[in-house]
Amino acid sequence: MTNRRKFIKTSAAAGLGLGFGILQKAFAQSAPASNANASVFTDGLVLSTWDAGLPANAAAWKAMQAGGNALDMAEKGVNDTENTLSNLTVGLGGYPDREGHTTLDACIMDSQGNAGSVMFLEHIKNPASVARRVMEKTPHVILVGEGAYQFALAEGFKHDDYVSEESQKAWNEWLKTSQYKPIINVENHDTIGLIAMDMSGDLAGACTTSGMAFKLHGRVGDSPVIGAGLYVDNEIGAATSSGLGEAVIRTCGSFLVVEMMRQGATPQEACEEAVRRIQLKHANYRDFQVGYLAVNKAGEIGAYAIHPGFTYSLLKQGENKVYNSTSLLDK
Ligand code: GLY
């Protein structure tokens with residue numbers, strides 16, 4: 001063996017050794033340190049983004065009262081928003097892309113760590129339910145575009161040609177200048193991210209959106225990306241996001257929030273760290289909004305955004321109310 005080959009072999013072995021050491025440490029740390037003895041909240045709760053989460057929370061709760069688990073709550077909750085065709089940022093009523101197509105993104109996760117997602121889906125009213133079918137009926141996690149549409153039809157979902165007059169009007173206006181300018185807290189792309197905890201203390205979540213208004217045809221945001229727009233780990237907690245999807249994807253936002261909680265952070269501290277990570281990686285962070293929500297197994301809540309104005313809806317202990325999140329740029 002030449003010296004060089006010997007060096008490569010030794011380095012590789014050393015590298016492996018080092019890697020294994022790091023891995024061992026990571027595995028040791030992946031035990032839910034601060035949560036190991038934490039009590040599990042078993043009153044049930046629903047947490048969702050924005051004021052529009054209020055009726056979604058109520059629908060989720062109704063699903064639980066009808067015998068549903070956390071997954072049913074998450075699905076039925078966000079279905080309520082998808083079915084609200086006056087909503088311009090979720091479902092078929094949402095703003096179109098710059099070619100005039102309303103394309104939908106959604107994902108769902110259950111308490112077992114299973115996940116399903118659809119991206120760039122057209123003409124289907126309830127993308128979150130299609131995501132659930134992807135999770136439950138296929139060996140895959142993500143289906144996109146025409147494939148997702150054909151799968152939905154095969155699963156009994158109906159083709160829907162609904163076009164929102166209001167979103168078409170906005171598109172026609174946009175065509176006059178053809179410039180995308182994020183509007184903070186309107187952002188042209190709100191989302192509903194919803195986390196549900198059932199009476200067993202099990203967690204599930206769903207996230208669904210029509211994405212950024214007047215986006216490039218084919219653009220997909222954070223909402224259907226597992227670990228970005230949503231992440232659920234039933235041992236630890238769950239997180240979801242709303243706002244500029246690109247910034248959330250770059251920082252694996254929701255996964256980061258859950259991993260911070262695993263390391264002992266409260267949900268609030270974890271959301272704050274995820275926003276700070278965006279600040280660190282984006283010189284222009286003042287130009288857009290991102291907000292995170294998180295829940296841990298004890299039923300504690302976190303909410304934090306870049307800008308003031310991010311609201312969230314919380315249904316807990318008989319109350320369903322809208323709250324203002326704190327933010328990085330709070331004065
Ligand atoms: N957060 C939704 C999107 O960026 O599409």
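When a ligand or atom number is given, it counts from 1 through the structure's own listing order. Numbering starts at 1 and runs along the sequence shown. As the structure is a computational prediction, the values presented were derived from the model and not from experiment.
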Interfacing atoms of ligand 1 (cut-off 4.0 Å, heavy-atom, [X]):
X      : result
Gly243 : 1 (N), 2 (C), 3 (C), 4 (O)
Gly245 : 4 (O)
Gly221 : 5 (O)
Asp222 : 1 (N), 2 (C), 3 (C), 4 (O)
Ser223 : 1 (N), 2 (C)

Practice item. Determine whether the side chain, the backbone, both or neither of Arg219 has a heavy atom under 4.0 Å from any heavy atom of ligand 1. Key: side chain

Exercise for review: Indicate yes or no: does Arg262 engage Asp233 in a salt bridge with an N to O separation below 4.0 Å.
Suggested key: yes

Exercise for review: Among residues two or more places apart or on two chains, list those pairs meeting salt bridge (Lys or Arg N to Asp or Glu O under 4.0 Å) that have a residue in residues 152-165.
Suggested key: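 Sorted result for residues 152-165: Arg133-Glu155, Lys137-Glu155.
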
Practice item. Measure from atom 2 (C) of ligand 1 to every heavy atom in Thr191, Val90, Val248 and give the option owning the shortest one. Key: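 Looking at heavy atoms only, Thr191 sits closest to atom 2 (C) of ligand 1.
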
Check your understanding: Is the distance between the ring centroids of Tyr162 and His123 less than 6.0 Å?
Key -> no

Point to revise | Test side chain to side chain donor-acceptor pair (under 3.5 Å) applied to Gln279 - qualifying residues, sequence neighbours left out | key: Tyr285

Point to revise | Aromatic plane relationship, Trp174 with Phe214 - under 30° parallel, 30 to 60° tilted, over 60° perpendicular | key: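 Phe214 and Trp174: parallel rings.
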
Exercise for review: Examine the side chains of Asp51 and Thr311 and answer whether a donor and an acceptor come within less than 3.5 Å of each other.
Suggested key: yes

